[in-house]
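This report refers to the structure that appears directly beneath it.
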Amino acid sequence: MAKKSQPTWGGRFSSSPAEKVLRFTESVSFDRRLALYDILGSVAHAKMLARIGALTRAECAAIVKGLERIGCEIVDGKFKWRADLEDVHMNIEADLTRRVPAGAKLHTARSRNDQVALDMRLFVRDQIHAVQDELRRLQRALVKLASVNSDVVIPGYTHLQRAQPVLIAHHLLAYVEMFDRDHGRLDDAFKRVNICPLGSGALAGSTLPLDREFVAKQLGFDGVTQNSMDAVSDRDFIVEFLADGALIALHVSRLAEDLILWASAEFGFIRIADAYTTGSSLMPQKKNPDALELLRGKTGRVYGNLVALLTLLKGLPMTYNRDLQEDKERLFDTADTLLATLGVLTDMLLNTKVVRERCEAAASDPALLATDLADYLVKKGVPFRQAHHIVGALVAEAERLGKPLNALPLETFKKHSPKFGPDVLQVFDVRRALAARTAAGAPSPANVKRQLKRWEKLLAD
Ligand code: ARG
């Protein structure tokens, strides 16, 4: 067997992996995406090796220069990736060593196990910031749509049945709250991502006097991991990112569903710009919210990625196991899906108009104020349970007569309770009803205006 055709670790082997095994185990076809992070980590590692005397200054400079060249070739698409070199780490190292003899010293006190853990942390760190930026853009679009329609009333729903009037701005700001919690969760996850595992070696560190803090500082980490065995096998930080992503996808899906309903002829509350809808190949009149449906549908794969990773990690013995290589595509897919969905959703909201007449027609249903009618009686000393019953009977009577609640004569009201007076009709003034909802978190126009101001200030870039 010609030793030179063997992989980097070929010293103890009499043959290279079988072709099928090679194709089955290689990861360079997808982990090449980590290349620039891998180079960043290698540069920091080389500088540390020079600092502790494991590389001369000249060797370090040659390695750094070589790595930078490789980085440029990768960016330009000129780098030759080799599947027989398994992964991104060995591809870069082998190429470096071909150019720079000192490259053979770069892997001193390092294993692909701590190297890949580092690359993944660097990648997740950037993805967290990218997703957070998209969340902010989405929140701004929601606040904008809310503020240009700040006085439009719609029915609020429970069980998808008309319940009580709200401002459409209040409904939209509910999503701003959700996406803000998502943003905060990513902040929290970031703290656990931003710890440097390099120096943990394969699992038991190194006999060389490493300066791990120096590496961590160069790479912008807040500290170094404290247990080498944990550090090479920990993927909790990816689980957290995928879980945070699952909640984001859930919120996106709920918003997509609301928008799909609102865009239907039955609701007609919004009109989405043509560019964000598609037609039917058969029915000429159709304007379909396909993009929204896909925003809703993408949730499945984002949940799937989380469950796949949790399943992958469950029951793994300490420490590194090759199973862990399966973390990458799940992570990449969630990151890509989140960025794409958030981007499309934001652009669509920026190109959506609220149809005031349709909203207000729906909100003018006096039954929406049945609860306010009960509150009217409560203010006159009737216990709430009794008031609820009285108003229920009135609603039934109106239904029997085929009349809206506010078209019943005063005598009918009085028949159900002597506490009703001529002022009862004021209850059915939607604006008045909204204005009365003044407690914190309720949709009085003054409250909603305050919330809009708060968000505008918070989200100002
Ligand atoms: N491609 C591997 C992964 O993604 C890198 C680490 C390989 N380590 C090993 N001992 N085979 O997990």
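Bear in mind that the values here come from a model prediction, so they are computed numbers and not experimental data. Ligands are counted one by one from 1 in listed order, and the atoms in each one are counted from 1 as well.
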Which of the atoms in ligand 1, numbered in the order shown and given with their element, are less than 4.0 Å from a heavy-atom of V116? 4 (O)
Taking all non-hydrogen atoms of both residues into account, name the closest pair between M318 and S233 and its distance. SD-OG, 3.7 Å
E326 atom CD, over 12 foreign heavy atoms within 6.0 Å: no
Among all protein heavy atoms in this structure, tell me which lies nearest to atom 5 (C) of ligand 1, with the distance rounded to 0.1 Å. D87 OD2, 3.5 Å
Is the Lys NZ or Arg CZ of R121 less than 6.0 Å from the centre of F237's six-membered ring, within 45° of the axis? yes
Give a yes or no on whether the ring-centroid distance for F267 and Y157 is below 6.0 angstrom. yes
Starting from atom 11 (N) of ligand 1, what is the nearest protein heavy atom, named by residue and atom, and what distance separates them? R112 NH2, 3.6 Å
Have a look at ligand 1 and work out which part of Q115, if any, has a heavy atom under 4.0 Å from it: side chain, backbone, both or neither. neither
Point-to-point distance, once rounded to the nearest 0.5 Å, from CG of L459 to CZ of R136: 5.5 Å
Residue and atom name of the nearest protein heavy atom (relative to atom 4 (O) of ligand 1), distance in Å to one decimal: K328 NZ, 2.5 Å
Atom 10 (N) of ligand 1: which protein heavy atom is closest, and how many Å away? N113 OD1, 3.2 Å
Assess whether salt bridge (charged side-chain N to carboxylate O under 4.0 Å, His left out) is satisfied between D222 and K191, documenting all intermediate values. CA-CA 8 Å; D222 293 325; K191 291 181 215 144; over 6 Å; no
Who's the nearest protein heavy-atom neighbour of atom 6 (C) of ligand 1, and how far? Y320 OH, 3.3 Å
Which ligand 1 atoms does S27 reach within 4.0 Å, using its non-hydrogen atoms? 1 (N)
What is the nearest protein non-hydrogen atom to atom 1 (N) of ligand 1, stated with its residue, atom name and distance? Q325 OE1, 2.8 Å
Distance in Å, L36 CG paired with I70 CD1, rounded so as to fall on 0.5 Å steps: 11.5 Å
